[in-house]
Amino acid sequence: MTLLSQINSPDDLSKLDYLQLTTLSSEIRDFLIEKVSKSGGHLGPNLGVVELTLALHRVFESPKDVLLFDTGHQSYVHKMLTGRIAGFEKLRQRGGIAGYPNRSESEHDVIENSHASTALSWADGIARGFAIKGEHDRTVVAVVGDGALTGGMSWEALNNIAATADLKLVIVVNDNARSYSPTIGGLAAHLSTLRATQGYEKFLEWGKGVLEKTPVVGHPIYETLHGMKKGIKDIIAPQGMFEDLGLKYLGPINGHNIEELESTLELAKKFGAPVIVHVITEKGRGHAPAVNDEAEKFHAVGIVDPETGTPLSKSSASWTSVFSKALIELGHERKDLVAITAAMLGPTGLDAFQKEFPDRTLDVGIAEQHATTAAAGMAFTGLHPVVAVYSTFLNRAFDQLLLDVALHKAGVTFVLDRSGITGDDGPSHNGIWDLALTGIVPTLCVAAPRDGARLRETLRESLEISDRPSLIRFPKGVVQPDIPAFERRDGIDVLYRGESADVLLISVGAMAQVAVEAASQAYREGVGVTVIDPRWVKPLPTSLVTMAQRYQSVVVIEDGIKHGGIGSTISEMFREANLNIPIHSIGVPLQFFEHGKRSQILEEIGITAQTITRSLVEWNSSLVEVEESNSKTKPVKQLRPDENASR
């Protein structure tokens with residue numbers, strides 16, 4: 001029987017000695033490699049926090065003491081130690097555990113949001129709440145890593161935390177970057193122990209009081225001595241920036257030495273005030289393919305061979321790869337084109353652009369707000385920035401998009417990857433809000449390409465827009481085959497011609513494929529459906545009003561939320577034009593979605609060819625019944641061969 005099989009709760013860890021904990025660490029890594037390789041997920045970060053998570057659960061009493069992870073993809077080991085090992089059989093799938101903390105799974109989880117740089121604000125609020133309620137026996141621990149400290153919100157929180165001396169708050173900085181060379185030894189441990197005692201703080205205050213009373217030279221002497229103390233410690237640990245904020249600093253600590261971790265965390269716990277514990281870990285530890293992956297350290301993997309780390313799924317052209325290649329081509333044509341991202345060079349495809357144009361590529365870290373406003377500044381100088389992020393992460397920079405970019409009519413192009421339903425990573429990774437949010441931004445132009453050809457086309461068109469911002473959105477995954485248009489009328493592509501003018505189906509972006517399939521099926525049910533693709537959905541072409549007048553009803557299909565989406569905008573356009581025509585919207589309901597496969601969620605919300613066909617037929621039948629009740633002669637339809645079938 002393995003040690004891991006005997007761990008059902010954090011209490012079981014207290015029975016183990018350090019030799020057993022070393023064995024358990026190895027078993028946890030083997031388990032992670034096996035399970036995550038089958039399902040995909042964040043492997044590298046979790047291989048790096050095994051010993052740290054064990055030490056945290058041995059020193060602190062979760063859930064009485066609150067453990068927070070920033071970001072939550074570091075929580076796999078935490079889940080294993082809190083009774084959820086069985087859930088890893090379906091990691092990030094329906095019926096299995098989420099890839100991030102999830103309150104519905106366990107009382108040990110708190111923050112479900114997978115966006116970075118938020119945990120310190122949560123920690124500040126929870127610790128203050130405990131203090132106000134008199135719950136002084138509870139400690140809050142925030143594990144901050146994987147670049148979360150590059151986000152400005154973390155520093156806003158640190159500034160407030162440092163100003164409150166009585167918060168029982170431990171901040172563990174999980175430093176797995178390879179720029180630091182950890183200095184770990186007796187002197188570092190001694191100084192950390194000394195500085196984590198109230199007696200040391202009282203001595204400093206006493207010394208300051210005596211020296212401040214010394215005429216003329218007292219304050220300068222104190223500042224010099226205090227600076228000397230800080231300077232000596234800066235030789236062995238990069239703690240200066242935290243002490244400048246007024247936060248106590250312990251470390252750096254070997255993040256793979258459980259005994260040393262426990263000793264330091266015990267000191268931090270007893271201190272009774274906010275403490276920084278700087279832990280050095282190795283991302284991907286214990287798995288050679290991850291360690292040898294210089295670029296990502298297996299930060300996130302798909303389904304891979306557990307021994308070699310080689311992807312097992314057949315590689316197909318993705319939306320991201322189409323964008324990446326198109327941007328490089330444009331980069332050669334235009335010297336004013338610059339690329340910006342927020343800690344997502346690889347995931348957005350900008351890593352390839354960086355190799356070609358390193359001086360024209362900027363990765364700002366997890367700082368979408370800064371990226372957006374910096375882009376406005378670059379546009380002011382005559383450059384054309386392309387800001388590439390996941391759709392969900394633009395939510396964080398909405399104010400900057402609205403007032404720094406759009407208000408100033410800056411020629412910036414935003415490229416939103418992973419728009420619409422993404423699925424696996426849970427509710428906070430879905431990109432279902434972008435169409436509604438950007439719909440209320442004046443001056444912004446928004447394109448939703450339906451395929452790779454249209455992505456290349458709209459990207460090129462967006463770079464020609466220099467007097468206002470533009471935005472292009474596309475979904476996650478494999479790009480579907482190009483869908484040619486019969487014709488283009490006033491910028492609107494006609495994708496499928498209905499045999500009768502029953503329904504005008506307006507397809508937004510990548511919904512084109514399912515829209516054409518539904519139109520073809522509806523034809524066999526005797527309903528004529530014409531499918532069009534506006535390509536640019538903001539501003540919408542006014543010719544939509546003229547086109548819609550020929551049809552009995554209009555249906556809009558989009559992969560964003562229906563509330564405030566493109567369907568709502570078209571409905572408003574028709575009302576203002578005094579066009580009285582039934583309009584139906586097919587899109588994403590206003591709710592948060594549990595993790596699951598993208599196709600599974602789309603099926604659940606009715607965005608499939610079969611479900612859409614059924615709706616088209618039912619809506620058209622209800623209109624026909626109304627017309628027949630007002631007519632003495634029942635119309636007869638002749639079903640002709642489908643001219644779209646050969647396409």
Side-chain angles (χ1 to χ4, degrees), residues 316-319 322-323 326 391 416-421 431-432 434-435 446-459 461 471-498 503-523 527-538 540-541 543-544 547-548 551 554-560 562 565-567 569-570 584-588 598-599 602-603 605-613 615-616 642-647:
S316 301
S318 66
W319 286 92
V322 172
F323 161 68
S391 170
L416 303 189
D417 201 328
R418 270 71 163 180
S419 289
I421 295 291
I432 58 178
D434 56 44
L435 289 172
V446 178
R450 66 180 178 270
D451 54 29
R454 257 45 64 177
L455 171 53
R456 291 186 289 269
E457 180 182 52
T458 53
L459 180 60
E461 291 173 357
L471 182 146
I472 300 170
R473 68 186 300 274
F474 51 80
K476 174 184 179 179
V478 176
V479 62
Q480 61 246 33
D482 289 345
I483 303 174
F486 275 112
E487 61 176 322
R488 179 169 291 177
R489 301 181 196 166
D490 300 320
I492 300 173
D493 284 352
V494 179
L495 308 183
Y496 189 98
R497 289 173 174 158
V503 180
L504 179 64
L505 179 54
I506 303 173
S507 170
V508 176
M511 294 290 96
Q513 186 175 45
V514 71
V516 170
E517 289 176 8
S520 177
Q521 293 180 23
Y523 165 78
V527 179
V529 179
T530 294
V531 180
I532 62 171
D533 171 19
R535 299 187 312 120
W536 289 89
V537 294
K538 184 180 182 299
L540 285 161
S543 55
L544 272 178
M547 190 177 292
Y551 294 87
V554 172
V555 176
V556 182
I557 176 172
E558 55 191 306
D559 59 352
K562 292 189 290 184
I566 304 303
T569 304
I570 292 175
H584 301 278
S585 179
I586 298 173
V588 181
R598 179 174 182 267
S599 58
L602 289 174
E603 183 175 359
I605 62 178
I607 302 183
T608 65
Q610 184 176 6
T611 304
I612 294 169
T613 301
S615 296
L616 293 174
D642 184 3
E643 67 171 306
N644 303 275
S646 60
R647 300 177 66 232

message: Determine whether Thr569 and Leu435 satisfy the following criterion, side chain to side chain contact (heavy atoms under 4.5 Å, CB included), listing intermediate values before the conclusion.
response: CA-CA 10 Å; Thr569 304; Leu435 289 172; over 6 Å; no
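Here the side chain of Thr613 pairs a donor or acceptor atom with the backbone of Ala609 at under 3.5 angstrom.
Contact detail for Gln480 and Ala510: the closest heavy-atom pair is NE2-O, 3.4 Å. Closest approach of Ile557 and Ala515 over heavy atoms only: CG2-CB, 4.3 Å. Nearest heavy-atom pair across Ser543 and Ile492 is OG-CD1, 3.4 Å. Scanning both residues, Pro484 and Asp482, for their nearest heavy atoms gives CD-O, 3.4 Å. Shortest non-hydrogen contact noted between Arg454 and Ile483 is NH2-O, 3.4 Å. Nearest heavy-atom pair, Leu495 versus Ala512, reported as atom, atom and distance to 0.1 Å: CD1-CB, 3.8 Å.
One finds the OG1 atom of Thr530 at 9.0 Å from the CE atom of Met547 (value rounded to the nearest 0.5 Å). Atoms OG1 and CG, from Thr458 and Leu471 in turn, are 10.5 Å apart once rounded to the nearest 0.5 Å. Here CD1 of Ile612 is found 13.5 Å from NE2 of His584. Values are rounded to the nearest 0.5 Å. How far CZ of Phe323 is from CD1 of Ile472: 8.0 Å, rounded to the nearest 0.5 Å. Taken from OG in Ser419 to NZ in Lys476, the straight-line distance is 13.0 Å, to the nearest 0.5 Å. Taking CD1 of Ile586 as the reference point, atom OG1 of Thr611 lies at 9.0 Å (rounded to 0.5 Å).
Under a 4.0 Å N-O distance rule, the pair Asp493/Arg450 qualifies as a salt bridge. At a threshold of 4.0 Å, the pair Asp559-Arg473 counts as salt-bridged, since one of the basic side-chain nitrogens sits closer than that to a carboxylate oxygen.
For the pair Arg497 and Glu487, the minimum side-chain heavy-atom distance is below 4.5 Å. Under the 4.5 Å side-chain criterion, counting only non-hydrogen atoms from C-beta, Ser507 is not in contact with Gln513. Under the 4.5 Å side-chain criterion, counting only non-hydrogen atoms from C-beta, Pro541 is not in contact with Asp490. Ser585 has its side chain within reach of Glu558: a pair of non-hydrogen atoms, C-beta onward, lies under 4.5 Å apart.
Taking the six-membered ring where tryptophan is involved, the planes of Trp319 and Phe474 are essentially parallel, since the angle between them stays under 30° and well short of 60°.
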